[in-house]
Amino acid sequence: MKGVLSVNLPLILKWIEVIMQSLRGSFAEIDLEALQSNLSKIIQFCGTPGFVCPMIKANAYGHGDLQVGRALQDQGLQHLGVALVEEALDLRAAGITDPNILTFSTIGPQSVKSIIDASITPVVSSLVDLELLKDAVPVSSKLPVHLKIDTGMHRMGLPIDQLERAVEFFNGQTRLTLEGLCTHLSDAEDIGNLEGESFKQLNLFRRAWDFVQSLNPKFAHAYNSSGALGLHAHKHLEEWSAFTGFGIRPGIGMYGAVPESDSTLTQSQIESLNLVGAMTLTSVIGHIHTIESGESVSYGSKWTAQRDSVVATIPLGYADGIHRVSSGKGFVTHKELRAQQVGTVCMDYFIIDITDWPVSKQKVGLPITIFGGRPGACSASEWAGWGNTISYEVFTSVSSRVPRKYLPRS
């Protein structure tokens with residue numbers, strides 16, 4: 001018996017996985033072709049910049065970093081960006097070998113060997129980190145690095161007044177080469193304003209770029225989705241579009257959302273981009289109650305029926321990523337039908353009011369779309385507004401206990 005189990009263990013584990021994924025009826029469906037298409041649209045909109053580094057940190061914003069990484073590798077992307085060395089190592093272990101993986105993280109003695117062994121490109125923010133890397137690289141080897149400059153975000157990055165020492169460092173050794181220079185905009189949504197914070201930062205960055213030219217860096221990159229799209233939406237910024245080494249690091253746009261605070265694009269420009277939500281969060285009606293006028297639902301009796309009502313329980317809750325703060329504000333859909341979420345969102349469930357739905361649709365097992373790319377569905381940005389947050393947090397909050405389905409299926 002023991003031998004039979006050991007021989008069939010992979011099959012048994014796969015069977016268990018399939019069964020477990022189908023029990024609750026709740027899924028995050030990830031359309032990899034939509035994601036690839038979104039990225040292509042952004043690149044085209046930006047005039048095909050010389051450096052493109054899609055950001056797949058935080059499990060690809062909740063979409064699945066290994067699956068998204070493979071899709072982007074298949075698309076021919078030369079660079080991918082993550083936040084942590086651990087994320088980069090996971091990608092390498094999964095066979096994502098072709099793209100250059102950049103880690104925008106702090107660097108410590110415990111991580112330098114992994115960076116070197118896995119051929120990861122570190123984005124370095126301090127002279128101390130440069131010294132750590134140099135000391136760990138074999139004498140006969142060269143490690144490309146990108147140097148991050150703090151131009152005003154004041155989170156990570158080399159202070160501009162230390163740039164001269166950095167150039168002296170690179171000139172004084174042979175193990176590290178400066179492949180790229182980058183910065184991060186603190187308020188990319190104001191990029192259309194030549195007097196705004198973004199252009200104060202970009203002017204500093206351009207000075208830094210000019211200062212390091214003796215080191216022959218290949219790439220300069222500063223623009224997230226909002227900055228990149230905004231830059232090309234304003235004709236008076238064309239000289240910055242042509243900035244040597246101009247590079248973009250698309251994140252939220254690639255996943256099909258425009259930043260909620262973005263004021264750089266007109267509605268017609270947003271519509272012309274036609275970005276499609278790559279994640280569709282779905283579930284089913286798990287239970288139905290008929291309640292009388294005056295009765296309440298869920299914790300704290302926060303919602304009381306003003307009429308005899310039909311309410312349905314959806315088996316998703318704040319442990320799955322439905323924020324409790326959105327209680328009583330959000331909507332879900334079934335094709336053309338729309339229902340409001342009522343009462344307090346629970347850990348494992350939330351409740352919707354389906355009183356006005358046809359009786360034929362008031363049934364257990366009916367598919368429900370919470371947000372996503374389907375016609376008539378609510379968007380992640382709408383759910384972000386109901387939860388007083390941003391779409392980034394909506395995506396990354398969809399927890400690991402929500403199974404992911406990938407389209408097209410391999």
Side-chain angles (χ1 to χ4, degrees), residues 26-31 34-35 38-39 42 54-65 67-68 81-84 86-87 104-105 153 155-156 184-189 223-230 249-265 270 275-283 314 316-333 340-341 344-350 368-374 377-404:
S26 299
F27 300 95
E29 186 178 275
I30 313 299
D31 188 336
L35 184 146
N38 290 337
L39 180 58
I42 293 169
M55 298 304 296
I56 59 172
K57 60 182 180 176
N59 196 29
Y61 292 37
H63 292 66
D65 55 353
Q67 293 82 359
V68 171
V82 296
L84 308 177
E86 301 95 296
E87 293 174 328
F104 294 76
S105 62
M153 180 77 171
R155 181 182 63 180
M156 295 284 288
H184 193 82
L185 302 179
S186 63
D187 191 12
E189 292 76 19
Y223 305 101
N224 59 8
S225 294
S226 185
L229 296 174
R249 304 189 300 263
I252 197 68
M254 180 174 68
Y255 300 104
V258 175
E260 285 74 20
S261 58
D262 200 329
S263 59
T264 60
L265 301 178
I270 292 173
L275 301 178
V276 176
M279 178 189 290
T280 300
L281 184 62
T282 66
S283 190
I314 309 299
L316 284 171
Y318 59 75
D320 303 294
I322 308 299
H323 294 154
R324 194 171 186 270
V325 71
S326 64
S327 295
K329 302 173 185 175
F331 288 83
V332 301
T333 59
Q340 183 167 13
Q341 186 274 317
T344 302
V345 173
C346 309
M347 182 180 289
D348 311 297
Y349 306 101
F350 67 87
I368 298 294
T369 301
I370 290 81
F371 65 76
R374 294 179 180 172
C378 301
S379 67
S381 295
E382 287 180 286
W383 271 92
W386 296 323
N388 193 31
T389 184
I390 56 178
S391 55
Y392 305 72
E393 189 173 17
V394 171
F395 289 140
T396 58
S397 293
V398 178
S399 73
S400 60
R401 77 175 196 168
V402 179
R404 269 66 168 171

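Position 1 is the first residue of the sequence; numbering continues from there.
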Under the 3.5 angstrom rule, does the side chain of S283 hit a backbone N or O of I368 as a donor-acceptor pair?
no
Check whether any side-chain heavy atom of Y349 lies under 4.5 Å from a side-chain heavy atom of D320, and answer yes or no.
no
Exercise: identify the closest heavy-atom pair between T369 and A377:
CG2-CB, 3.7 Å
Can you name the nearest heavy-atom pair linking A188 to G227, along with the distance?
CB-N, 3.7 Å
Are any of the side-chain heavy atoms of V82 and D65 separated by less than 4.5 Å?
no
Nearest-0.5 Å distance, CG of residue L84 to NZ of residue K57:
9.5 Å
Would you confirm whether Q341, through its side chain, and F331, through its main-chain N or O, come within 3.5 Å as a donor-acceptor pair?
no
D31 side chain reached by T280 side chain, heavy atoms, under 4.5 Å:
no
Using side chain to side chain contact (heavy atoms under 4.5 Å, CB included), reason through R401 and D348 one step at a time and then give a plain yes or no.
CA-CA 11 Å; R401 77 175 196 168; D348 311 297; 2.7 Å; yes
Minimum heavy-atom separation for A384 and I390, please, with both atom names.
CB-C, 3.4 Å
Is R374 close to T333 at the side-chain level, that is, under 4.5 Å between some pair of heavy atoms?
no
What heavy-atom pair brings L39 and P250 nearest, and what distance separates the two atoms?
CD1-CG, 3.6 Å
Between N224 and I252, is the side chain to side chain contact (heavy atoms under 4.5 Å, CB included) condition met? List the steps.
CA-CA 8 Å; N224 59 8; I252 197 68; over 6 Å; no
Tightest non-hydrogen contact, residues K329 and W386, listed as CD-O, 3.1 Å
Nearest 0.5 Å, what's the CZ-CG distance between F27 and L316?
10.5 Å
Is the shortest side-chain heavy-atom distance between Y255 and N38 below 4.5 Å?
no
Could you tell me whether the side chain of H184 reaches within less than 4.5 Å of the side chain of M156, counting heavy atoms only?
no
What distance separates C346 SG from I322 CD1, expressed to the nearest 0.5 Å?
12.0 Å
Is it true that T389 and H323 share a donor-acceptor pair across their side chains at a distance under 3.5 Å?
no
Beyond-backbone contact of V332 with I314, side-chain heavy atoms, under 4.5 angstrom:
no
Look at the side chain of T396 and the backbone N and O of G62, then say whether any donor-acceptor pair between them is shorter than 3.5 Å.
no
Exam field: side chain R404 to backbone V402, donor-acceptor pair closer than 3.5 Å:
yes
Quick one: does S381's side chain have a donor or acceptor within less than 3.5 Å of a partner on S391's backbone?
no
Are any side-chain N or O atoms of E382 and backbone N or O atoms of S379, one a donor and one an acceptor, separated by less than 3.5 Å?
yes
Heavy-atom closest pair (W383 atom, V394 atom, distance to 0.1 Å) is C-CG2, 4.3 Å
Which class fits the ring pair F395 and H63: parallel under 30°, tilted 30 to 60°, perpendicular over 60°?
perpendicular
Does the side chain to side chain contact (heavy atoms under 4.5 Å, CB included) test come out yes or no for Q67 and I30, once each step is laid out?
CA-CA 9 Å; Q67 293 82 359; I30 313 299; over 6 Å; no
Could you tell me whether the side chain of Y61 reaches within less than 4.5 Å of the side chain of M254, counting heavy atoms only?
no
Quick check for you: to the nearest 0.5 Å, what is the distance between R155 atom CZ and S186 atom OG?
10.0 Å
